[in-house]
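Every chain is numbered from 1, with letters handed out A, B, ... down the list of sequences.
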Protein chains: 2
Amino acid sequence: MAGGEFELIARHFSAFGRGPGVVLGVGDDAAVLSVPEGCELVTSVDTLVEGVHFPEDAFPEDIGYRCVAVAASDLAAMGASPLATTLALTLPEADDFWLHAFSEGIGQACSAFHLPLVGGDTTRGPRTISVQVFGVIERGRAVRRSGARPGDAVFVSGTPGDAAAGLAVLQSRWQPEPDHGEYLLGRYYRPTPRLVLGVQLPGIASAAIDVSDGLLQDLGHIAAASGCAIEILAEQLPLSAALQSHPDRQQQLAWALSGGDDYELCITLPQDRRPPGGFTRIGSVREGQGVVCEAAAGLEQAGYRHF
Amino acid sequence: MAGGEFELIARHFSAFGRGPGVVLGVGDDAAVLSVPEGCELVTSVDTLVEGVHFPEDAFPEDIGYRCVAVAASDLAAMGASPLATTLALTLPEADDFWLHAFSEGIGQACSAFHLPLVGGDTTRGPRTISVQVFGVIERGRAVRRSGARPGDAVFVSGTPGDAAAGLAVLQSRWQPEPDHGEYLLGRYYRPTPRLVLGVQLPGIASAAIDVSDGLLQDLGHIAAASGCAIEILAEQLPLSAALQSHPDRQQQLAWALSGGDDYELCITLPQDRRPPGGFTRIGSVREGQGVVCEAAAGLEQAGYRHF
């Protein structure tokens with residue numbers, strides 16, 4: 001890291017770097033983290049690009065919060081406990097106002113999700129943010145996508161579809177009641193990674209994934225990795241009051257089944273196990289392949305495709 | 001990860017994912033890595049932006065190789081052994097030709113530096129590459145920037161300045177003999193992270209840094225972190241034959257002292273210790289602050305500033 005860059009990082013981000021697993025944080029060639037004995041390291045990276053993953057006029061504070069939340073969601077989907085995070089930040093110029101607000105959001109999320117910021121890189125270029133998260137889990141206990149078996153039940157956390165509806169509000173495609181609109185925008189800009197639910201999954205869930213690209217599409221990854229089929233009953237989907245305030249039931253279902261950005265957890269459980277509180281049963285695992293949802297016939301099921 | 005994106009990653013990169021520390025690689029919500037008992041995790045991220053960190057007409061194979069090499073260099077500077085890497089790739093479009101060549105370079109580097117590729121994210125946007133590397137080191141043995149003490153000797157690996165000279169060749173600012181030109185271009189496009197030297201440093205070196213932004217500037221970070229001054233004797237700098245083929249001695253020194261992109265290691269050693277083979281003594285640590293180099297008076301000493 002060079003002079004100006006280093007000062008910039010130190011000024012804005014070094015306050016968020018302390019945590020029990022942090023041996024050495026920002027300011028050296030690399031960070032050093034402590035992984036407890038008997039544990040494995042879990043890591044994932046997510047990139048957000050301006051104009052693609054967030055609107056150009058989004059508040060920098062929300063962008064900062066969201067990019068950490070989105071990455072943290074992958075830790076939850078593995079059942080991991082949060083350890084630390086790093087940030088690779090590409091910016092067109094060193095805009096102190098933008099950086100200040102952005103770092104506020106980063107700090108709020110790092111604090112909320114117990115993810116001290118231990119390192120990063122800042123470069124000049126089109127605004128792009130990559131957040132890498134680190135978690136720990138007892139050896140061999142990570143919850144994978146591949147463990148679903150016929151007969152398992154399928155559950156989802158929270159109320160899927162809210163973020164997609166929030167994006168519709170943001171893009172003026174729908175104008176709900178103000179309270180509902182505010183709630184849905186919040187669900188888009190400030191998703192809650194389900195870390196508290198996630199750490200309860202090892203030993204209980206047979207498979208898990210976070211819903212980033214749409215419920216049906218993401219369940220398709222569990223089905224493919226597990227070699228079985230998943231049937232979803234749309235009438236069992238837990239929809240928020242805000243989402244249900246949309247007059248068109250088909251639109252509600254489209255958001256809930258195919259909308260992205262929810263960062264809820266989808267899990268499968270053997271029939272004799274009970275999920276942690278906060279999950280709703282929405283279907284079953286069957287022999288076969290693919291994801292079936294009768295109500296979804298005619299919906300655009302592709303979810304979000306990055307290319 | 002969504003459909004097309006997932007297939008794209010699987011097709012191009014999944015072959016590089018195996019290694020002794022890899023519990024779970026590409027294809028789930030997160031990767032799972034095994035950190036040996038008694039060891040700590042070392043991690044660093046580097047971003048390369050097209051048009052900023054590599055020319056727009058660079059061979060994609062070289063870009064792929066270089067971005068892994070650059071990141072791996074930070075592991076070497078900590079004394080860590082390589083464990084794994086992840087790749088956050090932002091591309092304007094899914095260009096199969098580009099991706100094929102790029103992934104060739106990634107694969108060559110992952111193989112050469114023992115860094116299995118265990119995860120990543122691909123997104124659409126201006127071409128930007130973030131590589132996160134993971135290494136391991138015995139607990140408490142990471143070599144930091146802050147341990148230099150007055151009386152220590154200063155060493156550098158390899159022949160600094162070659163990459164900056166290579167960039168000059170690339171930009172047609174200098175046309176050396178063909179053999180020299182090819183060598184210098186290779187040093188720019190295909191730097192060698194000094195991992196083999198790095199793992200020999202714990203317990204020997206009092207401080208270390210890799211030279212990414214220029215020798216004087218990077219030594220300035222050791223001086224600042226250690227609270228002392230560093231004196232460099234320019235006549236002791238090990239210069240390559242190719243660099244010395246430039247007619248202007250001042251230009252040779254400017255590249256060696258202020259050029260970036262070398263990814264050599266600079267280390268400090270107490271006087272009673274000997275460095276591993278491959279290092280050349282170039283100066284001493286003194287009481288005081290900053291970096292002094294008489295030959296550098298008049299040179300632009302700032303190195304590379306990212307902003």
**Q.** Closest non-hydrogen atom pair between A:Val45 and B:Asp121, with its separation
**A.** O-CB, 3.5 Å

Q. Got a second to check how far A:Thr47's OG1 is from B:Leu87's CG, nearest 0.5 Å?
A. 9.0 Å

**Q.** Residues of residues 66-79 of chain B near chain A, each having a heavy atom less than 4.5 Å away
**A.** B:Asp74, B:Ala77, B:Met78

Q: Indicate yes or no: does B:Arg124 engage A:Glu50 in a salt bridge with an N to O separation below 4.0 Å.
A: no

Q: Please identify each residue that fulfils side chain to side chain donor-acceptor pair (under 3.5 Å) with A:Asp262, with sequence neighbours left out.
A: none

Q | With sequence neighbours excluded, residues passing salt bridge (Lys or Arg N to Asp or Glu O under 4.0 Å) with B:Glu56 | A | none

Q) Can a salt bridge be assigned to the pair A:Arg144 and B:Asp28 using a cut-off of 4.0 Å between side-chain N and carboxylate O? A) no

Q: Mark yes or no for whether A:Ser130, through its side chain, and B:Ala88, through its backbone, hold a donor-acceptor pair below 3.5 Å.
A: no

Q) Quick one: side chain to side chain donor-acceptor pair (under 3.5 Å) partners of A:Gln132, sequence neighbours excluded? A) A:Thr43, B:Thr86

Q) Quick one: of A:Val118, A:Val49, A:Val35, who has the most non-hydrogen atom pairs under 4.5 Å with chain B? A) A:Val49

Q. Most heavy-atom pairs under 4.5 angstrom with chain B, which of A:Thr128, A:Val133, A:Leu24?
A. A:Leu24

Q: Would you mind checking which part of B:Ala31 comes under 4.5 Å of any heavy atom in chain A, side chain (CB onward), backbone (N, CA, C, O), both or neither?
A: both

Q) Does some side-chain heavy atom of B:Thr123 sit less than 4.5 Å from a side-chain heavy atom of A:His53? A) yes

Q) Can you check whether A:Asp29's main-chain N or O pairs, donor with acceptor, with B:Ser44's side chain at less than 3.5 Å? A) yes

